[in-house]
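Before any comments, here is the structure.
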Amino acid sequence: MNIMDIIKGWVNEIRDMGGIKFIILRNKKGLFQVTLPKKKVSHEIFSFVDKLSKEDVIVVEGSSQQGKSRDFDTEIIPEKITLINESETPLPLDPSGKVKAELDTRLDNRFIDIRRPEILAIFKVRHSLLKHARDYLSNEDFLEIHTSKIISTASEGGTELFPIQYFEKKAYLTQSPQLYKQMCMAGGLERIYEIAWYFRAEQHNTTRHLNEATAIDIEMSFIDDEEDVMGILENLIHTTLKGVKEDCIAELNLLEVELKVPEVPFKRLTYDEVVEMLQEKGYNIKWGEDLGTEGERILGKEMENQGYEYYFIKRYPRNKVFYLQPEGKYCRGFDLDCKGIELTSGGQRCHEYDTIVERIIEFGLEPENFKDYLKIFKYGMPPHGGFGFGIERWLMEMLNLNNVRECILFPRDRGRTTP
RNA sequence: GCCCGGGUAGUGUAGUCCGGCCUAUCAUACAGGACUGUCACUCCUGUGACUCGGGUCCGAAUCCCGGCCCGGGCGCCA
C-alpha cells in the first residue's frame with residue numbers, strides 16, 4: 001500500500017539519467033530520495049525538474065515506496081512538486097561537501113555551511129549535551145539562574161575586558177559570572193548553575209580560544225572542600241556523555257566519533273605530582289609556575305597512555321586565583337583537563353571576610369576596588385565552591401574536532417564580528 | 001601583545017624554491033547536450049582566476065618593499 005507523503009526541504013542534488021531522474025532532498029531530518037521514472041510521473045513534473053537547481057526550496061507530494069536505491073530504504077514518486085523559493089547559482093560553497101571549503105569561507109557563509117548534515121550534527125550533539133547537563137544539575141537540586149553580562153569592573157582580574165558605553169558611564173562585558181554566583185551563595189540559593197555567555201578581550205589566535213564563549217557555571221554551598229565540587233563535575237560529565245551517546249547515535253556515526261564514557265571517579269593528580277612528572281620528562285618548569293600549553297600537552301599524552309581522557313589537577317599553588325581558599329602554600333583550586341586541554345577551572349572559594357581581604361592584598365589588588373564584592377562576605381556567607389566549564393572546548397574534545405570555532409554557530413575570534 | 005606562514009576561477013587546488021614553452025593545472029561548480037536505477041552517475045561542448053599598490057627586469061603568478069585580508073604558534077585562559 002502506498003502512503004501519501006508531503007516532504008519539504010532543499011534540493012541537495014539532482015541526478016538526471018535521461019529516462020529517470022532523481023532529486024535528493026534535504027531537510028533537518030536528513031536526506032530523502034525523490035525518484036521520477038519517465039513513465040510513472042506526469043510529463044509536466046518530469047520536465048519541471050530541469051528548472052530546479054541546487055538549494056531551491058521545494059515541497060514534494062507523492063507516494064512513498066520501497067526503492068532500488070543503495071542508500072535509501074524508501075523513495076518518493078512525486079505527484080506534485082512546488083518550487084517555493086529559488087536559490088541563486090553558483091553557490092558560495094558546496095553544501096553537499098564534495099569539494100572542501102576552508103573554515104573561513106564556511107564561516108562567511110555559515111547559514112549554508114550548517115545545511116551540511118555533518119555540521120548540523122555538531123549542533124544536535126551540542127543540544128543533547130546541554131539537555132543532559134541541565135537534567136543532571138536539575139536532578140541534583142541546582143537552580144538555573146541568569147546573571148548580568150554587563151558589569152562595571154573586572155570580576156576576576158587577569159583577563160582583558162571589552163569596554164562598552166553604558167549611557168553616560170563606561171561598563172564592560174563580563175568575563176565570568178564568578179562574582180554573581182558567589183553573591184547567590186550569600187543569598188542562600190545554595191546550589192545554582194548558569195549556562196552563560198562570557199567575553200574575553202584577549203588577542204589570542206589559536207584553535208582553542210574564542211572571544212565570546214559559553215560555559216556551564218555552577219556554585220554550591222556547605223561543601224566540606226573542593227572534592228564535593230569535583231564530585232558534581234565528574235558525575236555531570238559521566239551522565240551527560242552517557243546521555244549524548246544514547247541520543248546521538250546517528251550524529252556520532254556521521255561525525256565518526258566513538259564516544260567513550262569515562263568511569264567515575266576520575267583520576268586525580270596534585271599539582272606537585274604533575275610538576276614532578278613534567279620535570280622527569282625533561283620539561284622545564286619550576287614549582288609555582290603555570291603548566292603552559294606544552295606542559296599540559298605532555299601531561300595529556302601521559303594520561304592517555306595510562307588510559308585516562310579526563311583527569312583532575314588539584315592542590316595548586318596559592319597564587320592561582322585570589323578568590324580560592326588558601327591552605328598553606330597551596331589553595332583549593334582544581335582544573336579538569338581532557339587530553340591535554342583545560343576544560344574546567346574550579347575550587348573551594350574563600351568564604352571568610354578576613355581571608356578574602358588578605359587574599360586580595362596578597363595578589364597586589366586594592367580591597368577598595370572590591371567593595372561590592374567584599375560586602376557579600378560580611379552578612380553570613382556559607383562555605384562554597386564551584387566551577388566554570390567551557391562548552392565549546394568540551395564539544396571540541398568530545399567530537400575530536402580540531403578547531404573550537406566548529407563548536408559555536410557564529411564564532412567571535414580575533415578578527416571576526418560577522419556574520 | 002610577541003613570532004611564523006599564506007592569498008591563483010563560485011569552491012578547493014597545481015605551478016612560486018630556481019622569472020621566460022603559463023595562451024596558468026586538475027577536480028568540483030555553472031551553462032548547454034546525450035543517457036530509465038543514480039547514489040562523488042557517466043560522457044561530450046562551453047564559461048570562469050594569479051589579493052591590492054609600488055619597484056627590479058627585455059620579461060613577474062613566480063623576486064623585493066608596503067597595505068589589506070586569512071591561517072597558525074606562544075603568552076593568557078575555558
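Chain letters run A, B, ... following the sequence lines, proteins first and then strands; every chain starts at 1.
- Counting only heavy atoms from C-beta on, A:E342 has its side chain closest to B:C77 among B:C77, B:G37, B:G71.
- Atom pair A:R208:CZ and B:C77:C1' shows a separation of 9 Å (rounding to whole Å applied).
- Comparing the same atom, P, in B:C30 and in B:G1 gives a spacing of 43 Å after rounding to whole Å.
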(message) For A:F389 and A:D217: C-alpha separation, side-chain torsions, deciding distance, then whether side chain to side chain contact (heavy atoms under 4.5 Å, CB included) applies.
(response) CA-CA 6 Å; A:F389 190 179; A:D217 260 277; over 6 Å; no

(request) Could you please spell out the steps behind the salt bridge (charged side-chain N to carboxylate O under 4.0 Å, His left out) verdict for A:R318 and A:E327? (result) CA-CA 7 Å; A:R318 62 182 285 147; A:E327 192 179 18; over 6 Å; no

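- Pairs of residues two or more places apart, or lying in two chains, that qualify as salt bridge (charged side-chain N to carboxylate O under 4.0 Å, His left out) and include a residue from residues 97-109 of chain A are A:E13-A:K98, A:D104-A:R416, A:R106-A:D113, A:R106-A:E406, A:D108-A:R416.
- For residues 81-90 of chain A, the set of pairs meeting the salt bridge (charged side-chain N to carboxylate O under 4.0 Å, His left out) definition, not counting sequence neighbours, is empty.
- Here, B:A31 and B:C21 have their C1' atoms 32 Å apart, quoted to the whole Å.
- Across all strands shown, B:C35 has no partner, as no Watson-Crick or G-U wobble contact with both distances under 3.5 Å is found.
- At the heavy-atom level, A:N12 lies nowhere under 4.0 Å from the strands shown.
- Going from atom CD of A:E55 over to atom P of B:U28 covers 19 Å, rounded to whole Å.
- As the counterpart of B:C17, no nucleotide is assigned, since no Watson-Crick or G-U wobble pattern has both distances under 3.5 Å.
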Between protein and nucleic acid, restricted to nucleotides 2-5 of chain B and to nitrogen or oxygen atoms under 3.5 Å apart, what atom pairs and distances do you find?
none

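- If you take atom C1' in B:G48 and the same atom in B:G10, they sit 9 Å apart, rounded to whole Å.
- A gap of 48 Å separates the P atoms of B:C3 and B:U47, to the nearest Å.
- Within the 4.0 angstrom heavy-atom criterion, base atoms lie near A:E75.
- In this structure, NZ of A:K54 is placed 11 Å from P of B:U28, rounded to the nearest angstrom.
- Applying the 4.0 Å criterion to OP1 and OP2 of B:U36, one finds that A:K39 has every side-chain N and O outside that range.
- No side-chain donor from either of A:T270 and A:D272 sits under 3.5 Å from a side-chain acceptor of the other.
- Summarising the base pairing, B:G59 is matched to no nucleotide, lacking a Watson-Crick or G-U wobble pair whose two defining distances lie under 3.5 Å.
- If you check B:G1 for Watson-Crick or wobble pairing at under 3.5 angstrom, you find it paired to B:C74.
- The residue A:S96 sits apart from the nucleic acid: no heavy atom pair falls under 4.0 Å.
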Table of protein N/O atoms under 3.5 Å from nucleotides 39-41 of chain B N/O atoms:
from  : atom 1 : to    : atom 2 : distance (Å)
B:C39 : O4'    : A:R15 : NH1    : 3.2
B:C39 : O2'    : A:D71 : OD2    : 2.9
B:C39 : O2     : A:S69 : OG     : 3.0
B:C39 : N3     : A:S69 : OG     : 3.1
B:C39 : N3     : A:R70 : N      : 2.7
B:C39 : N4     : A:R70 : N      : 3.0
B:A40 : OP2    : A:R70 : NH2    : 2.8
B:C41 : OP1    : A:E13 : OE2    : 2.3
B:C41 : OP1    : A:K98 : NZ     : 3.3
B:C41 : OP2    : A:E13 : OE2    : 3.1
B:C41 : OP2    : A:R15 : NE     : 2.7
B:C41 : OP2    : A:R15 : NH2    : 2.3
B:C41 : O5'    : A:R15 : NE     : 3.4
B:C41 : N4     : A:D16 : O      : 2.6

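- Between B:A49 and B:A14, the two C1' atoms lie 13 Å apart (nearest whole Å).
- Looking at A:R332 and A:D225, no side-chain N of the basic residue comes within less than 4.0 Å of a carboxylate O on the acidic one, giving no salt bridge.
- Side-chain proximity of A:R414 to the nucleotides B:G1, B:C74, B:C30 is greatest for B:G1.
- Donor-acceptor pairing under 3.5 Å, judged by distance alone, is absent between the side chain of A:R416 and the base of B:C69.
- The side chain to side chain donor-acceptor pair (under 3.5 Å) test with A:R349 singles out one residue from A:H384, A:Q325, A:E219, A:E226, and that residue is A:E219.
- In this structure, A:T207 reaches the B:G73 phosphate: one of its side-chain N or O atoms is under 4.0 Å from OP1 or OP2.
- The aromatic rings of A:Y271 and A:W287 lie perpendicular to each other, with more than 60° between the two planes, well past the 30° mark.
- Nucleotides B:U28 and B:A40 are separated by 10 Å at their C1' atoms, to the nearest Å.
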(message) Quick one, A:R200 with A:T174, criterion side chain to side chain donor-acceptor pair (under 3.5 Å). Give me CA distance, side-chain angles, the key distance, then yes/no.
(response) CA-CA 8 Å; A:R200 295 189 179 176; A:T174 182; over 6 Å; no

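- Base pairing annotation: B:U25 forms no Watson-Crick or G-U wobble pair, as no partner gives both donor-acceptor distances under 3.5 Å.
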Please list each protein N or O that sits under 3.5 Å from an N or O in nucleotides 8-14 of chain B, with the distance.
from  : atom 1 : to     : atom 2 : distance (Å)
B:G10 : O2'    : A:L91  : O      : 3.0
B:G10 : O2'    : A:P92  : O      : 3.4
B:U11 : O2'    : A:K100 : O      : 3.2
B:G12 : OP1    : A:E102 : N      : 2.8
B:G12 : OP1    : A:T105 : OG1    : 2.7
B:G12 : O4'    : A:K100 : O      : 2.9

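- Smallest separation of non-hydrogen atoms from A:G340 and A:Y311: N-OH, 3.1 Å.
- The nearest whole Å value for the distance from the NE2 atom in A:H204 to the P atom in B:G75 is 12 Å.
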(request) Output, in order, the C-alpha distance, side-chain angles, deciding distance and verdict of side chain to side chain contact (heavy atoms under 4.5 Å, CB included) for A:Y323 and A:Y373. (result) CA-CA 11 Å; A:Y323 53 76; A:Y373 179 58; 3.5 Å; yes

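- Residue pairs meeting the salt bridge (charged side-chain N to carboxylate O under 4.0 Å, His left out) criterion with at least one member in residues 39-54 of chain A, sequence neighbours excluded, are A:K21-A:D50.
- In a base pair of the Watson-Crick type (N1 to N3 plus N6-O4 or O6-N4) or a G-U wobble (N1-O2 and O6-N3), with each distance short of 3.5 Å, B:C50 is matched with no nucleotide.
- Around the CD atom of A:E276, the shell of radius 6.0 Å holds no more than 12 heavy atoms that belong to other residues, nucleotides or ligands.
- Only the C1' atoms considered, B:C44 is 49 Å distant from B:C65, to the nearest whole Å.
- Nucleic acid contact class of A:F389 (heavy atoms, under 4.0 Å, all strands): none.
- With A:P411 as the fixed residue, the side chain to side chain contact (heavy atoms under 4.5 Å, CB included) test singles out one of A:L210, A:V404, A:N403: A:L210.
- For B:C30, neither phosphate oxygen OP1 nor OP2 lies less than 4.0 angstrom from any side-chain nitrogen or oxygen of A:S53.
- Between A:S345 and the phosphate of B:A78, there is a side-chain N or O to OP1/OP2 separation shorter than 4.0 Å.
- Between the C1' atom of B:G1 and the CD atom of A:E202 lies a distance of 9 Å, rounded to the nearest Å.
- Comparing B:G59 with B:G75, their P atoms are spaced 49 Å from each other, to the whole Å.
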